[in-house]
Undergrad: 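Next up is a structure, given as structure tokens.
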Amino acid sequence: MHNVTLIPGDGIGPEVAEAAQRCIDATGVKIKWARELAGAEAKEKTGELLPAATLESIRKNRVCLKGPIITPIGEGFRSVNVAIRQALGLYACVRPAKSYQGVQSRYQDIDLVIVRENSEDLYSGIEFEEGSSQAKELIEKIEKLADRKIRPDSGISIKPISKYASERIVRFAFEYCLKAGRKKVTAVHKANIMKFTDGLFLKTAREVAKDYEGKILFEEAIVDNMSMQLVQKPKNYDVLVLPNLYGDIISDLCAGLVGGLGVAPGANIGKDMAVFEAVHGAAPKYQGQNKVNPTAMILSGVLMLEYLGEDLAAGKLKEAIKKVLAEGKSVTYDLKSNRDDPASVGTQEMADAIIKTLNK
Ligand code: NAD
């Protein structure tokens with residue numbers, strides 16, 4: 001029996017989380033789910049977006065399956081998703097981008113894994129609002145230290161990148177490569193411009209790569225060039241390791257290469273705990289319609305089963321998903337060639353088809 005925290009989330013979160021939970025249970029793996037709140041429902045019921053009890057439950061169970069949570073833009077509070085990753089030290093975000101037969105996309109046979117640093121960079125949440133006394137003080141200080149002018153009406157975000165976190169994430173990527181039988185790590189950066197942050201990330205990556213010489217190939221790429229290369233020749237790449245912001249953007253790009261956010265799963269992994277969630281967000285416009293694709297969330301469940309050591313069940317569930325996608329019958333609207341196809345099924349019906357295939 002495994003104890004797992006389940007956070008349904010906001011928007012389409014509860015629907016896709018329910019679909020994933022049912023598919024995971026159908027594998028026969030015994031899981032005791034602890035349902036916990038975060039996001040809008042938590043705010044309404046407890047007054048807090050991220051109640052301490054939710055974090056406590058994840059700390060206790062060490063594994064969590066989480067639906068997406070809405071982050072209102074520019075309203076002064078930072079993302080609950082980022083807060084969870086930071087509070088629990090989930091420093092590695094792993095996002096596989098894999099082609100599946102039946103999912104329409106520009107390419108076939110893509111098999112990439114994005115390893116994104118999750119704890120620092122521009123996502124560390126150190127920001128100063130335009131016009132605030134702190135922003136003014138900081139601008140004055142920077143002008144003295146750097147001998148550069150900053151417009152007084154600027155907002156400021158700080159980008160810390162440490163040697164410690166860079167080494168930790170690059171090593172994670174190499175170890176992942178070894179365990180998964182993969183061949184190459186590409187470190188992605190903008191060190192030509194940001195010499196002391198991305199430069200440090202790159203220098204550290206080169207050092208770590210030496211420990212894997214002869215076992216895993218290592219190469220480096222500048223993030224803008226990488227974006228073009230991924231669109232032109234995605235099959236040249238294997239595992240990519242990136243600082244936080246580039247990792248976020250490039251993983252959406254890679255999801256686009258394999259057919260979109262509906263099929264892109266993810267894992268946030270720390271030293272001894274992990275939170276599994278789809279790459280997509282809460283898509284509020286589809287909330288409560290039983291319409292969206294549950295695949296990304298169910299594939300996140302596959303990653304969770306693998307993390308729990310339930311490889312057999314993970315394999316079975318993945319095969320069932322593959323079959324349903326390849327057949328293309330019981331799939332949601334976004335997987336049909338005509339999005340208005342009346343034969344598309346709802347979120348729960350697609351989960352039902354996967355469960356039926358699993359039990360065959
Ligand atoms: P989104 O991923 O929620 O939606 C973008 C579009 O992608 C949708 O309109 C829809 O067309 C499509 N889409 C997404 N998921 C789909 C699915 N399962 N099936 C079919 N189509 C799907 O991105 P957004 O609109 O930028 O963000 C909405 C909210 O979600 C924001 O508040 C954002 O902060 C939050 N968000 C949360 C997470 C998270 O919880 N980890 C991640 C990203 C965004």
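Numbering of ligands and ligand atoms starts at 1, following listing order.
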Undergrad: Do ligand 1 and Ala282 have nitrogen or oxygen atoms that lie under 3.5 Å from each other?
TA: yes
Undergrad: Is Val16 close enough to touch ligand 1? Criterion: a residue heavy atom under 4.0 Å from a ligand atom.
TA: no
Undergrad: Heavy-atom count around Lys336 NZ within 6.0 Å, excluding the residue itself: above 12?
TA: yes
Undergrad: Judged by atom type as modelled, is there a donor-acceptor pair below 3.5 Å linking the side chain of Lys98 to the main-chain atoms of Val263?
TA: no
Undergrad: For Glu36, what residues pass the side chain to side chain donor-acceptor pair (under 3.5 Å) criterion, not counting sequence neighbours?
TA: none
Undergrad: Heavy-atom contacts with Lys285 under 4.0 Å: which atoms of ligand 1 show up? List them by number with element.
TA: 9 (O)
Undergrad: Would you confirm whether Gln86, through its side chain, and Tyr123, through its main-chain N or O, come within 3.5 Å as a donor-acceptor pair?
TA: yes
Undergrad: Between Pro284 and ligand 1, find which residue part has any heavy-atom pair under 4.0 Å and reply side chain, backbone, both or neither.
TA: side chain
Undergrad: Taking the non-hydrogen atoms of Arg85, is any one of them nearer than 4.0 angstrom to ligand 1?
TA: yes
Undergrad: For ligand 1, which part of Ile70 has a heavy atom less than 4.0 Å away: the side chain, the backbone, both, or neither?
TA: both
Undergrad: Are any of the N/O atoms on Pro68, whether in the backbone or the side chain, positioned under 3.5 angstrom from an N/O atom of ligand 1?
TA: no
Undergrad: Quick one: are the ring centres of Tyr333 and Tyr286 less than 6.0 Å apart?
TA: yes
Undergrad: For atom 3 (O) of ligand 1, which of the options Ala278, Gly266, Ala283 provides the nearest non-hydrogen atom?
TA: Ala283
Undergrad: Please check: side-chain N/O of Glu127 versus main-chain N/O of Ile156, any donor-acceptor pairing under 3.5 Å?
TA: no
Undergrad: Look only at the side chain of Asp111 and the backbone of Ala97, and say whether a donor-acceptor pair between them is shorter than 3.5 Å.
TA: no
Undergrad: Does Met297 reach ligand 1, in the sense of a heavy atom lying below 4.0 Å from it?
TA: no
Undergrad: So which of Lys203, Lys190, Lys159 actually passes salt bridge (charged side-chain N to carboxylate O under 4.0 Å, His left out) with Asp198?
TA: Lys159
Undergrad: Enumerate the atoms of ligand 1 whose separation from the nearest heavy atom of Asp334 is less than 4.0 angstrom.
TA: 20 (C)
Undergrad: Can a non-hydrogen atom of Val279 be found less than 4.0 Å from any atom of ligand 1?
TA: yes
Undergrad: Which part of Thr71 is near ligand 1, with near meaning a heavy atom under 4.0 Å away: side chain, backbone, both or neither?
TA: both
Undergrad: Would you confirm whether Asn244, through its side chain, and Glu120, through its main-chain N or O, come within 3.5 Å as a donor-acceptor pair?
TA: yes
Undergrad: Going by the order shown, which atoms of ligand 1 are within less than 4.0 Å of some heavy atom of Tyr333?
TA: 20 (C), 21 (N)
Undergrad: Should the proximity of Asn293 to ligand 1, defined as any heavy atom under 4.0 Å, be assigned to the side chain, the backbone, both, or neither?
TA: both
